[in-house]
Amino acid sequence: MQGFPFYEKPMSSQLPFAGAKSMLPEVPAPPNNILFIQNLPHDCTPMMLQMLFFRYPGFNEVRMVEAKPGIAFVEFGDEMQSTVAMQGLQGFKITPQNLMLIT
């Protein structure tokens with residue numbers, strides 16, 4: 001700010017929470033009926049994910065994010081059903097390089 005010589009814009013390394021993430025334990029997301037799927041191959045289709053998740057009770061739909069390849073949302077009837085699917089498919093290898101990360 002001009003006119004205040006004592007004011008200096010803090011560098012990012014001086015901000016109070018810089019690096020705080022590494023000190024805090026990772027808190028798992030609360031249960032939800034919608035799963036967030038990451039680390040998908042860019043050529044993954046909704047049909048591919050439907051074939052994987054359809055075998056779990058309560059499966060409703062897959063929603064791909066066209067603007068962000070590699071991620072999708074999979075909806076189930078309730079939190080319990082989505083949790084079972086998440087546990088069953090966590091780390092599933094869609095390709096040898098792409099292990100699904102589900103939250």
task: With sequence neighbours excluded, tell me which residues meet side chain to side chain contact (heavy atoms under 4.5 Å, CB included) with Met86.
output: Leu35, Gln90, Ile102
query: Out of curiosity, does Leu52 fall in the hydrophobic cluster containing Met64 (side-chain heavy atoms, cut-off under 4.5 Å, transitive links)?
result: yes
Without placing hydrogens or testing angles, list every side-chain donor-acceptor pair under 3.5 Å for residues 76-85, not counting sequence neighbours.
residue: Asp78; atom: OD1; partner: Met80; partner atom: N; Å: 3.0
residue: Asp78; atom: OD1; partner: Gln81; partner atom: N; Å: 2.8
residue: Gln81; atom: OE1; partner: Gly77; partner atom: N; Å: 3.2
residue: Gln81; atom: OE1; partner: Asp78; partner atom: N; Å: 3.2
residue: Ser82; atom: OG; partner: Asn32; partner atom: O; Å: 2.5
residue: Ser82; atom: OG; partner: Glu79; partner atom: O; Å: 2.9
residue: Thr83; atom: OG1; partner: Glu79; partner atom: O; Å: 2.8

- line: Residues pairing under side chain to side chain donor-acceptor pair (under 3.5 Å) where one sits in residues 37-54, two or more places apart or in two chains, turn out to be none
field: Cluster link Leu49 to Val65, ILVMFWY, side chain under 4.5 Å
entry: no
message: Under the side chain to side chain donor-acceptor pair (under 3.5 Å) definition, can you give me all pairs with a residue in residues 55-66, not counting sequence neighbours?
response: Glu61-Arg63, Arg63-Glu75
field: Cluster overlap Leu101 with Ile37, hydrophobic side-chain contacts below 4.5 Å
entry: no
statement: Residues joined to Met47 in its hydrophobic cluster, side chain to side chain under 4.5 Å directly or through other members, sorted by chain and number, are Met51
task: Report yes or no: do Ile34 and Phe54 belong to one cluster of Ile/Leu/Val/Met/Phe/Trp/Tyr joined by side chain heavy-atom distances under 4.5 Å?
output: no
message: Going by the rule ring-ring contact (aromatic ring centres under 6.0 Å, His included), which residues pair with Phe36 if we only count those two or more places apart in sequence or in a different chain?
response: Phe73
task: Could you check Met100 against Leu89 for side-chain contact (heavy atoms from CB on, under 4.5 Å), going step by step and ending with a plain yes or no?
output: CA-CA 8 Å; Met100 279 197 304; Leu89 290 172; 3.8 Å; yes
message: I need the Met48 CE to Ile94 CD1 distance, nearest 0.5 Å.
response: 5.5 Å
